**Student:** 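My questions all concern the structure below.
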Amino acid sequence: MSAVARTAGRAFTCVWALLAAFAALAADVPYLTGRVVDNAEILSPAARGRLAAQLAAHEEATTDQVVVLTLGSLDGESIEGFATRVFDAWKLGQKGKDNGVLVIVAPGERRMRIEVGYGLEGTLTDAQAARIIRDRMTPRFKASDYEGGIAAGVDAILAALEGRAAEATPVTGTSKKAGGFLDVEGLDEFEADLPPWPMRILLGAFIFGVIGLFTVVGVLMPGMGWFLYVFLIPFWAMFPIIVLGVRGALVLLAIYVVGFPVAKLIVSRKPWYRKAKADLRKTGSATLGGVVITSSGARSGGSWSSGSSGSSGGFSGGGGSSGGGGASGSW
């Protein structure tokens, strides 16, 4: 166990080293020069002035502090992580009230986010922030109307904070589709919140390594193969979402549901498979690729048993808290 622990410790250290390397490449937090920080230079001076005056009037009336930030690039960092760093560095909102809101637009990556302080999460909910991004900002950004999209987003945010209904202004070419396959409300916002690709690659190597191994075992093993087929369906349905998103996970699930029986049918016609199946039926055990298969499982030797009664220790979950309300989007 000590060797295993040392190996796990080294792997853990390597993962943290990779994460530290990614963090070192992250974009710098810009200086807070005003209520509108247009580092990407996508707003005209007149638009910046209007937004700054609007946000100043709202802050004077409510003490809520809303700031708009545009930047040219996230340098590979997720917009969620960058928004958290900016929010913490700028300390938006009043002390003790936590009533700040940060609107970030990164046109280089076609990403945006509304980050909401703790004190306003009940007033400007995650669902409201997602709707503002989807219905107010995204359609205009797709038309390269950055000024209109940011202005519409700010108007809707202030309306929500002030407890008044935002003006219903339909936008042509809205991102909300109807009737198409997988055109689900909020799906794009969910997939926009997935981890950045470097993290997805690490997670994918682990997830697909584990469930892929059990899938291969299920295809090759007589007896309990079909049990593994059914058992693994929820895993193939849920875990790939973290790496591929909802659409990619659905495609992968369909491939698994169809591909496993086809592969099983092909393998079952092989002579070695038929022999192992016959031996298992007659004697209760069979040898397959150096692995001894029994009616209760498989072993490579010794007295290992899948029951493993008397195992030491137990798994338990801890408690924790998470902040960073709001929503992200792309166009």
Side-chain angles (χ1 to χ4, degrees), residues 8 11 15 18-19 78-81 111 113 125-127 129-131 133-134 138 175-268 273 288 291 293 296-298 306-308 311 314-320 322 324-330:
V15 171
L18 288 173
L19 294 177
S78 71
I79 196 167
E80 295 78 17
R111 302 285 283 117
R113 179 166 178 81
T125 65
D126 293 358
R131 282 196 297 269
I133 287 175
R134 182 185 65 241
T138 297
S175 61
K176 182 178 177 181
K177 303 175 184 178
F181 177 63
L182 295 182
D183 293 332
V184 182
E185 181 178 357
L187 183 58
D188 290 334
E189 286 76 11
F190 172 81
E191 294 190 347
D193 287 334
L194 292 174
W197 272 109
M199 180 64 71
R200 287 204 234 177
I201 292 173
L202 294 175
L203 291 172
F206 173 76
I207 291 171
F208 294 127
V210 173
I211 60 178
L213 175 62
F214 279 98
T215 299
V216 171
V217 170
V219 170
L220 299 180
M221 183 178 292
M224 66 178 300
W226 290 111
F227 166 78
L228 282 175
Y229 170 64
V230 177
F231 176 79
L232 290 173
I233 287 177
F235 294 91
W236 280 106
M238 296 305 298
F239 287 151
I241 292 177
I242 305 174
V243 181
L244 303 175
V246 176
R247 296 178 179 88
L250 282 173
V251 172
L252 197 60
L253 175 62
I255 293 174
Y256 170 76
V257 170
V258 176
F260 187 105
V262 172
K264 189 75 171 175
L265 180 62
I266 295 173
V267 169
S268 65
Y273 184 94
L288 186 63
V291 178
I293 307 170
S296 60
S306 61
S308 64
S311 60
F315 177 80
S316 63
S322 174
S328 304
S330 60

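Note that the structure is a prediction, hence the values are computed from the model and not measured.
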**Student:** Using atom types as modelled and distance alone, determine if a side-chain donor or acceptor of Lys264 lies under 3.5 Å from a backbone N or O of Gly218.
**Tutor:**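 Side chain of Lys264 to backbone of Gly218: a pair is present.
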**Student:** From Ile211 CD1 over to Phe206 CZ, what is the distance, rounded to the nearest 0.5 angstrom?
**Tutor:**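 Taking CD1 in Ile211 and CZ in Phe206, the distance rounds to 10.0 Å.
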**Student:** Please report the closest heavy-atom contact between Tyr256 and Ile233, naming both atoms and the distance.
**Tutor:**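 Scanning both residues, the minimum pair turns out to be CE2-CG1, 3.7 Å.
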**Student:** Applying side-chain contact (heavy atoms from CB on, under 4.5 Å), can you list everything that pairs with Val251, at least two apart in sequence or on another chain?
**Tutor:**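 Listed in chain order: Ile255.
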**Student:** Carefully, step by step, assess Phe214 and Tyr229 under the rule side-chain contact (heavy atoms from CB on, under 4.5 Å).
**Tutor:** CA-CA 9 Å; Phe214 279 98; Tyr229 170 64; over 6 Å; no
**Student:** The criterion is ring-ring contact (aromatic ring centres under 6.0 Å, His included); which residues satisfy it with Phe231, sequence neighbours excluded?
**Tutor:**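 Scan of Phe231 (ring-ring contact (aromatic ring centres under 6.0 Å, His included), adjacent residues dropped) gives Phe227, Phe235.
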**Student:** Holding to side-chain contact (heavy atoms from CB on, under 4.5 Å), I want the full list of residues that pass it with Val216, two or more places apart in sequence or in another chain.
**Tutor:**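 For Val216 the side-chain contact (heavy atoms from CB on, under 4.5 Å) partners, ignoring immediate neighbours, are Leu220.
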**Student:** Can you give me the closest heavy-atom contact between Arg113 and Ile133, atom names plus distance?
**Tutor:**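 Taking Arg113 first and Ile133 second, the nearest heavy atoms are CA-CD1, 4.4 Å.
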**Student:** Which atom pairs, donor and acceptor, lie under 3.5 Å between side-chain atoms of residues 236-245 and protein residues at least two apart or in another chain?
**Tutor:**
residue	atom	partner	partner atom	Å
Trp236	NE1	Thr215	OG1	3.0

**Student:** Nearest 0.5 Å please: distance from the CG atom of Leu202 over to the CD1 atom of Ile207.
**Tutor:**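 These two atoms lie 11.0 Å from each other.
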